[in-house]
**Student:** 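One structure follows; several queries about it will come next.
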Amino acid sequence: MSRLMGTSRTSPSRRRRSTIVVGTLVVLTAAAGCTSSKSSGGDSGSSVGDALTFGTAAAPPTLNPATGDPSYTSTLQWAYDPLVVMKGDGTFAPGLATKWGYVGKGNMAYELTLRDGVKFSDGTPLNAAAVKTFLDYERTQKAGSPAILLSAVSSIDATGPMTVHFTLSRPDPNLTFNFAQAFAAGYIASPKAVADPKTLETTTAGAGPYMLDTGKTVAGDHYTFVQNPNYWNKGRQQWKTVTVRIITNPSSMIQSMQAGQIQAAVGDATTLQAARNAGITVTAPPQALFGLNLMDRGGKVAKPLADVRVRQALNLAVDRTAIAKALFGSADLALSQYALEGQPAYDKKLSDAYPHDVAKAKQLLSEAGYANGFTLKVLSSPLFSFDKLIQAIGGQLKDIGVTLQVDSKATANDYFTSMVSGKYPAAAIGYGLANMGSLYAGFVFPQGPFNPFHFADPQLDKLYAQYFSASEADSPGIQQQINKYLVDQGWTVPVVGSPLSYYTAKGVSTPDATTANAGVPWLTDLAPTS
């Protein structure tokens, strides 16, 4: 079997979906007194920690990995091993699968060879039939990101006891990326649970190192996991229990770590220095675009946004460097494109595409017929420091006569539901960047959650058609063309390339996340240190 093991592209179909998922958003997302002290552990005789409490900002609306979203992997990862593991350098390693990759020519067929001896937490063996059962269920769901990510798959066959063959209806060279932990399409649940899928909403049935203890869990507040007695690799069960605690306030997250109530957490980009000052270890590779998403590009709700000159004016009016320095602590985080340095679509020249120029912005607004400005309704949230970001953007847009009418939603679910409602022409955005394929999945795709007005651009469609069928050698150049086109068209107002940050306290190892291509760390690698 030939393997293509580092390619990261996505080409979802255009079938309509009603969804409240976050697409590829990687949001910078309970027991007090938990410790990370070591004790003798289990059948393996290894040493494990008594308990780990992990903090995150976003409570998952469901625990079902088939209808979930990448934003909630910090909760799901404890119970579900991915088919393949994305490492900190962006390469892939075995997970539930030991071999993977495309077969034949044209990225139209894909195969997995599964690991022997794996069982789900309910004792059911993991084999090719079980993987087929779950993925067939997953790809037919109307809610959630995984079905979009698997939309190129036309059929799945168990070609042997431990081998799975995927037939694609069109080229999609991104399946390995989708099956890793960052996008969670490869979190496989037991066929027994698939037979009664409602159980997956409130409990777990994975082949990961832990399973949910429903008696010690309060949905929306904290989720307690205990060791899966059937786990295939006892050495990776680093803790007796893991509690994921929902803490929406970034300052409270740091205070909870200082008090010893949590030992590791998803960080917040605006509190990194405060965390360091508090003695917390910070891991913060660049990962996400933060800015203002101009969703109503067809002008259905906000007519001015239909004019590219208006969208360009908004970009020119924002001083990215000032916002990056004031809110995120570093002017180097300023971002005006849809890729980060080191990623295939990155173009250094695009960093200067929109210099702060109030006069030019006013001129463009005047040419578009909005010399006196206009009012723009914007969706935001106190989560992920969106409110702070939108306040800073709004303060600068006043200089060109544009007033932001901000509606802030307190919870992640309210924010996501409102974002896809079609009532808000613009919204605060935090979108994980990896390549133009992952950008397409949730942001460009007409049925993607970050494109709620289903806007399509024929020229952009042509570029993506070239990209999806391009060779590996030609792909970066086409990705750069897509990036430039999105910048020129002002699809959104990128402001900062925000770090995907993680906090760890003394006594806990740091996550393996070192580059902009790393995606999401495999959090179950977090271990007690001596």
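Throughout, residue positions are numbered sequentially from 1 according to the sequence presented. Every heavy atom of this structure was used, including side-chain atoms; hydrogens, water molecules and symmetry mates were not.
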**Student:** Applying side chain to side chain donor-acceptor pair (under 3.5 Å), name anything that partners D399, two or more places apart in sequence or on another chain.
**Tutor:** none

**Student:** Report the residue from I400, L292, I393 that forms a side-chain contact (heavy atoms from CB on, under 4.5 Å) with V318.
**Tutor:** I393

**Student:** Side chains of V310 and L364: closer than 4.5 Å at any heavy-atom pair?
**Tutor:**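 Counting from C-beta outward, V310 and L364 never come under 4.5 Å.
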
**Student:** As an exercise, state the distance from OG1 of T411 to CD1 of I246, rounded to the nearest 0.5 Å.
**Tutor:** 12.0 Å

**Student:** For D357 and L316, indicate whether the former's side chain and the latter's backbone hold a donor-acceptor pair under 3.5 Å.
**Tutor:**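 The answer is no, because no donor-acceptor pair under 3.5 Å joins these two groups.
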
**Student:** Any donor and acceptor pair, going by atom type alone, linking the side chain of D296 with main-chain N or O of A302 inside 3.5 Å?
**Tutor:**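 Side chain of D296 to backbone of A302: a pair is present.
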
**Student:** Hey, are the side chains of Y415 and L383 touching, using non-hydrogen atoms and a 4.5 Å cut-off?
**Tutor:** no

**Student:** So, for S438 and N435, which heavy atoms are closest and what is the spacing to 0.1 Å?
**Tutor:**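 Looking at all heavy atoms of both residues, the closest pair is N-OD1, 2.7 Å.
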
**Student:** Compare all side-chain heavy atoms of Q181 with those of Y80 and state whether any distance is below 4.5 angstrom.
**Tutor:** no

**Student:** Taking Q77 for the side chain and P521 for the main chain, is one N or O donor matched with an acceptor at less than 3.5 Å?
**Tutor:** yes

**Student:** When rounded to the nearest 0.5 angstrom, what distance separates OH in Y354 from CG in L335?
**Tutor:** 13.0 Å

**Student:** Minimum heavy-atom separation for S336 to V487, with atom names?
**Tutor:**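 Minimum heavy-atom separation between S336 and V487: O-CG2, 3.6 Å.
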
**Student:** Would L460 and Y464 count as a side-chain contact (heavy atoms from CB on, under 4.5 Å) if you check the C-alpha gap in whole Å, the side-chain angles of each, and the deciding distance to 0.1 Å?
**Tutor:** CA-CA 6 Å; L460 193 57; Y464 264 104; 4.0 Å; yes

**Student:** Of all heavy-atom pairs between A441 and I148, which one has the smallest distance, and what is that distance?
**Tutor:**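 Residues A441 and I148, closest heavy atoms: O-CG2, 4.1 Å.
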
**Student:** Restricting to pairs with a member in residues 319-328, which pass side-chain hydrogen bond (donor to acceptor under 3.5 Å, both in side chains), not counting sequence neighbours?
**Tutor:** N315-R320

**Student:** At their closest point, which heavy atom of P499 faces which heavy atom of L333, and how far apart are they?
**Tutor:** CD-CD1, 4.1 Å

**Student:** Run the side-chain contact (heavy atoms from CB on, under 4.5 Å) test on H165 and V103 for me, step by step, so that the C-alpha distance in whole Å, both residues' side-chain angles and the decisive distance to 0.1 Å come before the verdict.
**Tutor:** CA-CA 9 Å; H165 182 91; V103 293; 4.0 Å; yes

**Student:** For K349, what residues pass the salt bridge (Lys or Arg N to Asp or Glu O under 4.0 Å) criterion, not counting sequence neighbours?
**Tutor:** D347

**Student:** Please confirm whether the backbone N or O of K348 pairs with a side-chain atom of S351, one donor and one acceptor, at under 3.5 Å?
**Tutor:**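 A pair under 3.5 Å: yes.
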
**Student:** Which residues pass the salt bridge (Lys or Arg N to Asp or Glu O under 4.0 Å) test with D488, sequence neighbours left out?
**Tutor:**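 Salt bridge (Lys or Arg N to Asp or Glu O under 4.0 Å) list for D488, sorted by chain: K484.
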
**Student:** Checking side chain to side chain donor-acceptor pair (under 3.5 Å) between Y503 and each of T283, T281, T271, T510, which is the one that passes?
**Tutor:**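 The single option meeting the side chain to side chain donor-acceptor pair (under 3.5 Å) with Y503 is T271.
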
**Student:** Any side-chain heavy atom of F468 within less than 4.5 Å of one from N107?
**Tutor:** no

**Student:** Where is the tightest heavy-atom contact between A456 and P446, given as atom of each residue plus distance?
**Tutor:**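 Result for this residue pair: CB-CG, 4.2 Å.
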
**Student:** Looking only at the aromatic ring of each residue, does the gap between the centers of W491 and F443 stay below 6.0 angstrom?
**Tutor:** yes

**Student:** I need the L168 CG to Y102 OH distance, nearest 0.5 Å.
**Tutor:** 6.5 Å

**Student:** Strictly distance-based, threshold 3.5 Å: is any side-chain N or O of T417 a donor or acceptor partner for the main-chain N or O of N413?
**Tutor:** yes

**Student:** Looking at R170 and D172, is there a salt bridge between them, counting it only when a charged N and a carboxylate O are closer than 4.0 Å?
**Tutor:**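 No salt bridge links D172 with R170.
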
**Student:** Does any N or O in the side chain of N483 come within less than 3.5 Å of the main-chain N or O of Y338, such that one atom is a donor and the other an acceptor?
**Tutor:** yes

**Student:** Does NZ or CZ of R311 come closer than 6.0 Å to the centre of the six-membered ring of Y370, within 45° of the ring's axis?
**Tutor:** no

**Student:** Answer yes or no: is there a donor N or O on one side and an acceptor on the other, between the side chain of Q489 and the main chain of V308, under 3.5 Å?
**Tutor:** no

**Student:** Under the side chain to side chain donor-acceptor pair (under 3.5 Å) rule, what do Y110 and T176 come out as? Steps first, then yes or no, please.
**Tutor:** CA-CA 9 Å; Y110 188 89; T176 301; 2.7 Å; yes

**Student:** Would you say the ring centers of Y440 and Y467 fall short of 6.0 Å from each other?
**Tutor:**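 Ring-ring flag for Y440/Y467: false, centres at least 6.0 Å apart.
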
**Student:** Check the pair F290, V495 against side-chain contact (heavy atoms from CB on, under 4.5 Å), reporting the backbone distance first and the verdict last.
**Tutor:** CA-CA 6 Å; F290 265 38; V495 178; 5.7 Å; no

**Student:** Tell me, do S74 and F54 make a side-chain contact under 4.5 Å, heavy atoms counted?
**Tutor:** yes

**Student:** Looking at A182, is its backbone amide N or carbonyl O close enough to the side chain of T73 to form a donor-acceptor pair, meaning the two atoms are under 3.5 Å apart?
**Tutor:** no

**Student:** Under the side-chain hydrogen bond (donor to acceptor under 3.5 Å, both in side chains) definition, can you give me all pairs with a residue in residues 379-393, not counting sequence neighbours?
**Tutor:**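 Residue pairs with at least one partner in residues 379-393: D268-S385, T270-S385, S380-D387, D387-S408.
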
**Student:** Between CG of L289 and CD1 of I429, what distance do you get to the nearest 0.5 Å?
**Tutor:** 6.0 Å

**Student:** With rounding to the nearest 0.5 Å, note down the distance linking CD in E341 to OH in Y346.
**Tutor:** 4.5 Å

**Student:** Of all the heavy-atom pairs spanning T504 and P511, show the shortest one and how long it is.
**Tutor:** CG2-CD, 4.0 Å

**Student:** Taking the six-membered ring for Trp and the single ring otherwise, decide whether the centroids of F386 and F384 are under 6.0 Å apart.
**Tutor:**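 Distance test on ring centres: under 6.0 Å, yes.
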
**Student:** Taking the side chain as C-beta and beyond, is there a heavy-atom pair between M86 and W522 under 4.5 Å?
**Tutor:**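 Side chain of M86 against side chain of W522, heavy atoms only: no contact under 4.5 Å found.
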
**Student:** Could you grab the distance from atom CD of Q480 to atom CG of L463, nearest 0.5 Å is fine?
**Tutor:** 12.5 Å

**Student:** With a 3.5 Å distance limit and no angle check, can you tell me whether T492 reaches the backbone of N293 through a side-chain donor-acceptor pair?
**Tutor:**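 Yes: the side chain of T492 pairs with the backbone of N293.
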
**Student:** Side-chain contact test, heavy atoms from C-beta onward, threshold under 4.5 Å: evaluate it for F374 versus V402 and give yes or no.
**Tutor:**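 Answer yes - side chains close enough.
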
**Student:** Set out, in order, the CA-CA distance, both residues' side-chain angles and the distance that settles side-chain contact (heavy atoms from CB on, under 4.5 Å) for L112 and F166, then state yes or no.
**Tutor:** CA-CA 9 Å; L112 292 169; F166 300 77; 3.7 Å; yes

**Student:** Are the side chain of Q141 and the backbone N or O of T67 linked by a donor-acceptor pair below 3.5 Å?
**Tutor:**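 It does not hold such a pair.
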
**Student:** Does a sphere of radius 6.0 Å around CG in N372 hold more than 12 heavy atoms from other residues, nucleotides or ligands, not counting ones at 6.0 Å or beyond?
**Tutor:** no

**Student:** Could you check if a side-chain atom of K423 sits within less than 4.5 angstrom of a side-chain atom of V301, using non-hydrogen atoms only?
**Tutor:**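 No - every pair of side-chain heavy atoms lies 4.5 Å or more apart.
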
**Student:** For Q363, give me all partners under side chain to side chain donor-acceptor pair (under 3.5 Å), at least two apart in sequence or on another chain.
**Tutor:**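 Here the qualifying residues are E367.
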
